[in-house]
2 protein chains.
Amino acid sequence: MVTSEQVARLAGVSRATVSRALNGSPRVSAEARKRIEEAIVSLGYEPDVVAQSLVRQRSRTIALCLFFGNDNSTVLSRFGETQHYFYLDMLRDVEQEIAVAHYDLLLHSASTTKKNYIRSLQTRHIAGILAIAMNPTDVRIQTLLEAEIPTIFIDSISQGVHSTYVTSDNLDGSRQATEHLIHLGHRRIMTLISGTDGPVGSKRLAGYCQALQQAGLPVDEQLIYPAGWNTEEAYQATMTLLRERQPRDFTAIVAGSDLMAIGILRAIHESGLHVPNDISVIGFDDVDLCRYTEPPLTTIRQDRSAMVHGAVQRLIQMIETDDKQEECRLSPIITPTKLIVRASTGPAFLQA
Amino acid sequence: MVTSEQVARLAGVSRATVSRALNGSPRVSAEARKRIEEAIVSLGYEPDVVAQSLVRQRSRTIALCLFFGNDNSTVLSRFGETQHYFYLDMLRDVEQEIAVAHYDLLLHSASTTKKNYIRSLQTRHIAGILAIAMNPTDVRIQTLLEAEIPTIFIDSISQGVHSTYVTSDNLDGSRQATEHLIHLGHRRIMTLISGTDGPVGSKRLAGYCQALQQAGLPVDEQLIYPAGWNTEEAYQATMTLLRERQPRDFTAIVAGSDLMAIGILRAIHESGLHVPNDISVIGFDDVDLCRYTEPPLTTIRQDRSAMVHGAVQRLIQMIETDDKQEECRLSPIITPTKLIVRASTGPAFLQA
DNA sequence: CTGAAAGCGCTTACAG
DNA sequence: CTGAAAGCGCTTACAG
């Protein structure tokens, strides 16, 4: 490995000067800077990131913390589960943004105890944390808040001195979805909804209710059906629904998410019914898969790019003000949503 | 931050002894060890990982290198593309295995030049690399080989002093798939295949041919149709196929992958045909999604767990022998595949 | 503008 | 079995 010592020798200066040149200090003469740059190129020098982290007491690394279960699972462990596909789609944008900002991304596996978890983040001198928690009451959220490491939450309404959050306008999105169905003539609109105790589910439910009320339609308890976020539970719930509700008392379904909608579509198919002629279905998220469902899924698009961009910018801003020992309370970001019409929704006139 | 200095003071020993106790050296008295352990607990001490990495000249970090395009993209950047879903499913198993072995996983974004890429891995003192390259001629494979960092490749046939690979028995899997269709009475079996210049595609094509030959069926060039690994290209290819082949000269399709099969199913649906009554379709990989396609997809399962377990064990073994300055050429691992029958394949007697 | 020196938190021969 | 000392590769007051 080439060290700064070798660069210094070749350039005829001290390691201190090499370091200054590298870090853009103004206190380096033009000649010295030139010789150093030449030496760096000819030796193929690149500073040792580990040594830099030690002396700076901070590495340019951002840790990803995904709390999807209540266990001490690994970051990606539950990505195979359909309820998390949306966040997965998000992850690649996260990596891209973080790379542009010259940070590394660490998938650090949670250790057994709460305290150790923070400690291990600290002993790695993590610069910041990007956190996604499915369960709003997950104790690890509080743990992160206490760690005093700059943290940005996605879809968790958690704020503090070193943390803030970014989320979609879930209420408005769900309102648009429901409104779309109302415009198509639907009057009995079911919603299969998840996590109404959490920030995402509760807003989506509220948006559904708001659209009905604005249209002068009653909010019927019978039309609000709870289910898990995943495809399988949505499938099971729909099967139950179609079996029990005879004659059927709804003509459309607002799904809590796209992956739930996929389960719903499957249940409707299996029951010998047609989408959208018999039942219209609308999703939420706009994952890539929507184009390939049968039929292609009408949905509400979350602006992933805006969410990720906002999240990373906020996080880096927190890291930098933290470096200067300043306090920094940043406001959250709420990104807009948008209706994407495909083929799973249609007019209600075909129904009884 | 609690340091080893503080632990040493509290335990009445030197930092050297604390370090020895921590690293399981036998040269520590029972009493000293006991006092040190107590001090560690009472102070909540955990060693600084960055400092350890510096002095050991090696961090307990494994870098993930995914080369999916020919660009300098980030690790996850192309995961939204359907052709990579299988590897994504794999990634969570990778993380799990690596966590169990007490290593961290780094998503390190590729820098611009070939040389810099290795340098930046080195300046981070990466212990090992887990690499997946879609394109067998990707120059970065060679770059990795030259880096002399322990590397395990998945699905790339690359070996060296510090590297080996793990892959499925793609030939046998594809043979099983084709045989399954032959057993169902199909005689004109199409294959939509990708990357026949690479290790995966070429083996799958070979398996298809082998099954036909063993059954005494001719290998007809007309039945081998190249397409990209992704859903969209498979969809387009199938649409073209169904349009151009009138009357249709095949009754079944062996897809290069599950995600290709999804595009194929969609094209068949849109053409007004039925799966499996008109055309049988079989995939490859057995991703989670297979259960939710319409109809559920018959496929060949790759043993992800075995692949990942083998990969991580091999990698760690290489890291450890590398630590001892020993040379270590490990043999590759070829994991078995298995036919999973669902509803997208059926008997051929319904066709003309 | 520049260099000598101290220090980040650990580990590891070396001497005892 | 144990401690003092050197060292991993860098940065940063400090003095000039």
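Letters go in sequence order (proteins before strands), and every chain restarts at 1.
One finds a side-chain N or O of Gln52(A) lying less than 4.0 angstrom from the OP1 or OP2 phosphate oxygen of dT11(D). Side-chain nitrogen and oxygen atoms of Tyr45(B) include none within less than 4.0 Å of the OP1 or OP2 phosphate oxygen of dG9(C). In terms of phosphate contacts, Gln57(A) brings a side-chain nitrogen or oxygen within less than 4.0 Å of OP1 or OP2 of dG9(C).
The CD atom of Glu46(A) sits 15 Å away from the P atom of dG9(D) (whole-angstrom rounding). We find that CG of Leu54(A) is positioned 12 Å from P of dT12(D), with the value rounded to whole Å. The nearest whole Å value for the distance from the CZ atom in Arg124(A) to the P atom in dG9(C) is 17 Å. In this structure, the CD atom of Gln122(A) is 16 Å from the C1' atom of dC8(C), given to the nearest Å. Atom CG of Asp48(B) and atom C1' of dC10(C) are 8 Å apart (whole Å). Distance, Glu5(B) CD to dC8(C) P: 10 Å, rounded to whole Å. Here dA4(D) presents its P atom at 13 Å from CZ of Arg9(B), a figure rounded to the nearest Å. Taking atom NE2 of residue His125(B) and atom P of nucleotide dG9(C), one finds them 18 Å apart after rounding to whole Å.
Residue whose closest nucleotide on DNA chain D sits further toward the 5' end, between Val13(B) and Arg56(B): Val13(B).
Using a 4.0 Å heavy-atom distance criterion, Val55(A) is classed as a base contact.
Summarising the geometry, atom CD belonging to Gln57(B) is positioned 13.5 Å from atom CD belonging to Gln52(B); distances are rounded to the nearest 0.5 Å.
The main-chain N or O of Ala21(A) is never found under 3.5 Å from a side-chain atom of Ser25(A) such that the two would form a donor-acceptor pair. In this structure, Ser156(A) contributes its side chain and Phe153(A) its backbone to no donor-acceptor pair below 3.5 Å. Proximity of a side-chain donor or acceptor of Glu148(B) to a complementary backbone N or O of Leu145(B) within less than 3.5 Å is not detected.
In the region residues 14-23 of chain B, proximity to DNA chain D at under 4.0 angstrom, judged on heavy atoms, holds for Ser14(B), Ala16(B), Thr17(B), Arg20(B).
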Intra- and interstrand pairs of DNA chain C - dot-bracket, Watson-Crick/G-U under 3.5 Å, | marks other strand: |||.||||||||.|||
Apply side-chain contact (heavy atoms from CB on, under 4.5 Å) to the pair Val18(A) and Val13(A), showing each step before the final yes or no. CA-CA 7 Å; Val18(A) 171; Val13(A) 295; 3.9 Å; yes
Thr123(B) and Val50(A): side-chain contact (heavy atoms from CB on, under 4.5 Å), yes or no, with the steps? CA-CA 7 Å; Thr123(B) 64; Val50(A) 173; over 6 Å; no
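Residues His102(B) and Arg60(B) share a closest heavy-atom pair of O-NE, 2.9 Å. Leu106(B) approaches Asp104(A) most closely through the heavy-atom pair CD1-CB, 3.7 Å. Nearest heavy-atom pair, Asp155(A) versus Tyr87(A), reported as atom, atom and distance to 0.1 Å: OD2-OH, 2.6 Å.
If you take atom C1' in dT12(C) and the same atom in dG16(C), they sit 16 Å apart, rounded to whole Å.
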